[in-house]
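Notes for the one structure printed next.
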There are 2 protein chains.
Amino acid sequence: MQDEDAFRAATMYYLQNQTMDVIATTLQVSRSTVSRMIAHAREVGMVRIAVEQPTSRSGQNLGHRLAATFGIRAHVVPVRPRSTELQRLDQVAAVAANLLGQWFTSRMVLGVAWGTTVSAIAGHLRRMPTTGSTVVQLNGAANTYASGITYASDLIGAIAENFDATSQHFPVPAFFDHPETKTLMWRERSVSRVLDMQRRVDIALFGVGALTAEVPSHVYSAGYLTDQEMTALTADGVVGDVCTVFHREDGSYRDIEINSRATGPTPRELRRIARRVCVVVGDRKVPALLGALRARVATDLVLDETTAGNLLERATARPS
Amino acid sequence: MQDEDAFRAATMYYLQNQTMDVIATTLQVSRSTVSRMIAHAREVGMVRIAVEQPTSRSGQNLGHRLAATFGIRAHVVPVRPRSTELQRLDQVAAVAANLLGQWFTSRMVLGVAWGTTVSAIAGHLRRMPTTGSTVVQLNGAANTYASGITYASDLIGAIAENFDATSQHFPVPAFFDHPETKTLMWRERSVSRVLDMQRRVDIALFGVGALTAEVPSHVYSAGYLTDQEMTALTADGVVGDVCTVFHREDGSYRDIEINSRATGPTPRELRRIARRVCVVVGDRKVPALLGALRARVATDLVLDETTAGNLLERATARPS
DNA sequence: GCGGGTCCTGCACGTATGTGCAGGATGCTT
DNA sequence: AAGCATCCTGCACATACGTGCAGGACCCGC
């Protein structure tokens, strides 16, 4: 049996730290095969590696300070000082994927937003079979120009497949044009089924969108919003969004017209979810992130250390 | 900060799988230092590695068959077919130590027996700081000839130290000469304090002693039992012991005179403990192990695969 | 301020590990 | 049964990693 030998090899390698040569002899195969078997074992999630903050030490480091400031669990990812934002995204996504793999188990429901960040995370997931679990899309994804559904749909599908979970898509646009349409659609059974599932989410996974971005987030670039809408948002003091629901830097999100047409859960709705994992990379996202944290959308924050530093600085420099 | 950098290095290495060279550049140290930092991180338990049985597959393998036969969780350790018993002990102990490290956390109470097996496990523990936890000795250790206390005491102390736990010794002989002495001692506060702690044990760790051993177990060799007592045990059909309480191959342990003078918990008392980890190596221990399992002393069994094979064979060949 | 610890680092070397490639097995198709 | 595609293996090489050793920083105590 394929996996059986991989398990033996992985056990001998990681738990008993034998060299691959010894394992090869035991299993009567070549050393290279053992190398491949162990790689396989890692890929299918048979091997789980966790690195934990040493418990001691006076909360002087970024992680503890973030935790103390915002009442969240912070996972600060070390990155090289001069790495590009894309590299950082990759690193942070790798860590987030690992964490998700540890937290998500059988019979759970995972809610995911869609976007560059979540997509990067999906790319780093390591196969981990579960049973009876579900992956549900948190916000709509079709826009006026392209259906956009393929993208979000592939993403959800890939994540679900990774966990052997069933996937639940959300067949609505990111924003409705008219609030009334939303009200009506929300009564459709095809939609309300998804909404029901969203209420059962155990872990939510999302990034934040930044309105102020030099490189605009997917939501703003791909024709989801008109110029007119963008202007209105700016005038309202909006800095970004979480799951297509916009907010200001102080964490408020009321009286923002477009939110009545948005399809994702509001911060208030999100807060009903036990574990809410927010993954962020990029200094330009700091104001949006600050607002998101003040709206208490996250219980866990995964970010690179430079962004973390900037976030803390801005949070303490301009207390809301 | 020492640990801080080790954490960064370990994260980059294990979670983002960067090469040590890259990490060295980032941290501005030499690659060898990074290698040492990561080794350090592993040693202090900052890195946790678990290997899990792939969930699938038709319970044809030893682990599943053992689990099904005895209603326990079985952890079968792969070993080289021609390895010596000492090597196997080493391998199995490494795995057991790893499992213990995963299970034992802050504010728990760990009960340990003492003996060759437990001693080997202690040697493989990786440092893992906890708070508010306790390690308590499960059975007495002084015999007629030598105090024996040093040995058991060092063992308990070493395990406790590994977890930053307080240790609770059990200052009584392995066996009393007269049952009445036991009764009286059990009322002493110094003893009853330990007994109270034993009742709060969350995880128990022990091996099994085999009476039939070619190489006799510590308990039988070191002058703990007289020749006369050994003869009596054999006549009674005794095959081995768990925590100095003897049992027969069918799992019964009543009407064995010496048990009334033994200091360890009986199977019945053990069964009150939620997790009971039995670690066994050696074919000669199979009959004793079989009896122990039938007495339901264990919830988790860690053993090498040849012993596992023999155990299953004997269990099915001679159903009690 | 000087000898003698102890601890830590980088170097250099040998060993352990990952991977492109080519040959062989297996299984499916025609 | 031959043809073809796919998968798997071992070889050989390049790379990555662990560790003994020697030099330097630091800390004491006198």
Side-chain angles (χ1 to χ4, degrees), chain A residues 1-51 54 56-57 78-81 83 87 90-91 94 97-98 123-124 126-127 161, chain B residues 1-51 54 56-57 78-81 83 87 90-91 94-95 97-98 123-124 126-127:
Chain A
M1 181 104 277
Q2 175 73 285
D3 281 353
E4 181 64 17
D5 280 343
F7 173 74
R8 290 186 47 148
T11 304
M12 296 179 85
Y13 188 73
Y14 285 109
L15 264 33
Q16 311 172 206
N17 43 214
Q18 309 270 315
T19 85
M20 294 190 181
D21 241 328
V22 173
I23 301 173
T25 311
T26 309
L27 265 52
Q28 307 271 5
V29 293
S30 80
R31 194 186 52 68
S32 0
T33 301
V34 174
S35 172
R36 282 187 261 259
M37 284 196 299
I38 291 174
H40 170 77
R42 269 199 309 264
E43 255 154 37
V44 300
M46 208 181 283
V47 177
R48 210 177 289 195
I49 302 185
V51 180
S56 59
R57 213 163 358 75
V79 291
R80 321 174 53 174
S83 54
Q87 289 172 324
D90 203 57
Q91 316 277 306
N98 188 290
H124 279 279
R126 303 214 184 138
R127 175 121 183 88
E161 195 182 335
Chain B
M1 182 103 282
Q2 174 73 283
D3 281 354
E4 182 64 16
D5 279 344
F7 173 74
R8 289 185 49 147
T11 305
M12 295 179 86
Y13 187 72
Y14 284 109
L15 265 32
Q16 315 176 16
N17 46 216
Q18 308 269 316
T19 85
M20 293 189 181
D21 244 326
V22 174
I23 302 173
T25 311
T26 309
L27 265 50
Q28 307 271 6
V29 292
S30 81
R31 193 184 52 68
S32 0
T33 301
V34 174
S35 171
R36 282 187 260 259
M37 284 197 300
I38 291 173
H40 170 76
R42 269 198 309 265
E43 256 153 37
V44 300
M46 207 182 284
V47 177
R48 210 176 289 197
I49 302 184
V51 181
S56 58
R57 214 164 356 78
V79 291
R80 321 173 54 176
S83 54
Q87 289 173 324
D90 203 59
Q91 316 277 305
V95 173
N98 188 290
H124 280 278
R126 303 213 185 140
R127 175 123 183 87

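Everything numeric here is computed off the predicted structure, so don't read it as measured data. A note on names: the letters A, B, ... follow the listed sequences, proteins ahead of strands, and every chain is numbered from 1.
- Residues meeting the side chain to side chain contact (heavy atoms under 4.5 Å, CB included) test with A:E161, sequence neighbours left out: none.
- Judged as a side-chain hydrogen bond (donor to acceptor under 3.5 Å, both in side chains), and not counting sequence neighbours, A:Y13 has no contacts.
- Atom NE2 in B:H40 sits roughly 14 Å away from atom P in C:dC7 (whole-Å rounding).
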Pairs of donor and acceptor atoms involving the side chains of residues 31-38 of chain B, under 3.5 Å and at least two apart or interchain, shall be tabulated with distances.
unit_1	atom_1	unit_2	atom_2	d
B:S32	OG	B:S30	OG	3.3
B:T33	OG1	B:S30	OG	3.2

* Structure fact -> Counting primed atoms, P, OP1 and OP2 as sugar-phosphate and everything else as base, the B/S/- map of nucleotides 9-25 of chain D against protein heavy atoms under 4.0 Å is SBB-----BBBB-----

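- Checked against side-chain hydrogen bond (donor to acceptor under 3.5 Å, both in side chains), A:Q16 has the following partners two or more places apart in sequence or in another chain: B:Q91.
- By the side chain to side chain contact (heavy atoms under 4.5 Å, CB included) test, B:T25 is found to be paired with A:R80, residues two or more places apart in sequence or in another chain being considered.
- Applying the side-chain hydrogen bond (donor to acceptor under 3.5 Å, both in side chains) test to A:R42 and every residue at least two apart in sequence or in another chain returns A:Y14.
- The C1' atoms of five pairs define one axis at each end of the helix from C:dG1-D:dC30 to C:dT30-D:dA1, and these two axes lie 30° apart (to 10°).
- Scored by the side chain to side chain contact (heavy atoms under 4.5 Å, CB included) test, A:A41 finds A:A6, A:A10, A:M46, A:V47 as partners (sequence neighbours excluded).
- A:V51 and B:L15 get closest at one heavy-atom pair: CG2-CD1, 4.1 Å.
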